[in-house]
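Since the structure comes first, as structure tokens, the remarks are kept for the end.
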Number of protein chains: 2
Amino acid sequence: MSSKFAQMSTSFAEENYLKIIYRLSEGHDDDISTNAVAELTQTKAASVTDMLRKLAEKGWVHYQKYQGVRLSPAGEKIALGIVRKHRLWEVFLVEKMGFNWDEVHEIAEQLEHIESDSLIEKLDAFLEFPKTDPHGDPIPTKNGVMPELGYLHLSDIKANKRCVLMGVAKDSAVFLQLLTKMQLSLGAALHVEEVNAFDRSISVSIDNAPAVFISHEVAKNILVKLT
Amino acid sequence: MSSKFAQMSTSFAEENYLKIIYRLSEGHDDDISTNAVAELTQTKAASVTDMLRKLAEKGWVHYQKYQGVRLSPAGEKIALGIVRKHRLWEVFLVEKMGFNWDEVHEIAEQLEHIESDSLIEKLDAFLEFPKTDPHGDPIPTKNGVMPELGYLHLSDIKANKRCVLMGVAKDSAVFLQLLTKMQLSLGAALHVEEVNAFDRSISVSIDNAPAVFISHEVAKNILVKLT
DNA sequence: AATATTTTTTAGTTGGGTCTAAAAAAATAA
DNA sequence: TTATTTTTTTAGACCCAACTAAAAAATATT
């Protein structure tokens, strides 16, 4: 019954797990714990164990019990496809529909599961092949390659350096709304005037305005490029 | 636990049933049979019985066993919301993404379940408040009113009358592709030159070209307005 | 090294939405 | 009006994806 060319299809739930395992794997190559996955999927660890076994059977993850999980090449390809769709839809929502950057995540979580290759390629063209989403995150190519942008965390910038805000490392609505309130948006020119040893907060001038304080917690989640 | 203001949410499957019951109810007020629903939902009659009981419990349909089903006002409101989303997304797919009218149905079947009121209102504005979808079907208003367009079936037009093609009563891809092949698209000027008694086919001149034959089966599914 | 704690897995349920097979009701034909 | 056929419903089962409670493994502590 099963053919070499069988086109295995992915359920909504499976796609979510693969996407979350991908997110948790970015930037290192340790295996991911069951609990970590449970937290992001908003499910219980027991449910995760079940699903990991199923994903492993389908060849999308490597999973040994008690040892954690990581994506197989096939699983990573699926995950990158979901992330590509998610980010392209976010661009659409902001650029064409007029949403703010803090409003698009939930809607894109739904749109990322729409299944149509031709739609996503046409959408890409319609948006003029954006390289990044509204939060500065790179959009994987249709061949499943995630561009590496190599940005730095604002929290790692030394005093007296200048940089440009290129992205955020977190897209919760409250965080983004705070940035907006502080005049921190993509492309903003930042000048780190001082790093305060006491609480690791920094004094930053935004677009040449008088410097304001930015907490370490916020700075950690802001991505910049030195200028 | 349950509040007067509880916002009951609809599953994918429930939305499909409500939409299909709506489709089957258009134009008359007889109750719909279990089998009719089963055919369109691509499920078995037994599954339909189950679901109708559930929909009735939630107050979205009136259902007495063995007596058929019809939408309640609440159910009709939900159904019209789905149809509205389906048709707006179809306009988007054709007008903005460059799909042909025979390619959009399946994708819109997925997009119609995306849940975001603000998205659909923004989409409506982005598309400049279209009145009809790419097949000429009216788009329900956001208040849940289905505009009545009052078109005639081409099969009912008398010889020697002129009319304009305003819509189609069927959106299967093969049917739409045939129309395209015959140069029959929305807005085409039609002149019914003859009605052939033998097979009820008609001879029609399209945009002043020499007349061609159109079968009764095709003519039945073409909607026109006399000029 | 032995014990306590945390993490993960197993076992057994549940709910949603489907199915098949068989029974019951309604519609049709004799 | 009775018998036959068709339609619909019931009963019992399955799969998916979640859950809780309890057991087992891994990790941390004394």
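No hydrogens, no waters, no symmetry mates; every other heavy atom, side chains included, goes into these values. Labels below follow one simple rule: chain letters A, B, ... track the order of the sequence lines, proteins then strands, and each chain is numbered from 1.
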Side-chain N or O of [X] closer than 4.0 Å to phosphate OP1/OP2 of [N]:
X: A:Ser11; N: D:dC16; answer: no
X: A:Lys54; N: D:dC16; answer: no
X: A:Tyr66; N: D:dA23; answer: no
X: B:Asn35; N: D:dT6; answer: no
X: A:Lys65; N: C:dT10; answer: yes

Using whole Å, report how far [atom1] of [X] lies from [atom2] of [N].
X: B:Glu57; N: C:dG17; atom1: CD; atom2: C1'; answer: 15 Å
X: B:Asp31; N: C:dA26; atom1: CG; atom2: C1'; answer: 15 Å
X: A:Ile20; N: D:dA17; atom1: CD1; atom2: P; answer: 14 Å
X: A:Arg53; N: C:dT9; atom1: CZ; atom2: P; answer: 10 Å
X: B:Asp50; N: C:dG15; atom1: CG; atom2: P; answer: 14 Å
X: A:Glu14; N: D:dC16; atom1: CD; atom2: P; answer: 9 Å
X: B:Gln42; N: C:dC19; atom1: CD; atom2: P; answer: 10 Å
X: B:Glu15; N: C:dG17; atom1: CD; atom2: P; answer: 11 Å

Nearest-nucleotide 5' precedence on DNA chain D, A:Gln67 against A:Tyr17 = A:Tyr17

Does [X] reach a base, just sugar-phosphate, or nothing at all? Heavy atoms under 4.0 Å.
X: A:Phe12; result: nothing
X: A:Thr34; result: sugar-phosphate
X: A:Ser47; result: base
X: A:Thr43; result: sugar-phosphate

Between [X] and [Y], does any side-chain N to carboxylate O distance fall below 4.0 Å?
X: B:Asp117; Y: B:Lys142; result: no
X: A:Lys19; Y: A:Glu109; result: yes
X: B:Glu121; Y: B:Arg84; result: yes

Among the nucleotides D:dA26, C:dC19, C:dT9, which one has an atom lying closest to any side-chain atom of B:Lys44?
-> C:dC19

Nearest of D:dA18, C:dG17, C:dT8 to any side-chain atom of A:Met51?
-> D:dA18

Nearest heavy-atom pair of B:Ser9 and B:Glu14: which atoms, and what distance?
-> O-OE1, 3.9 Å

Do A:Phe92 and B:Phe92 make the cut of ring centroids closer than 6.0 angstrom?
-> yes

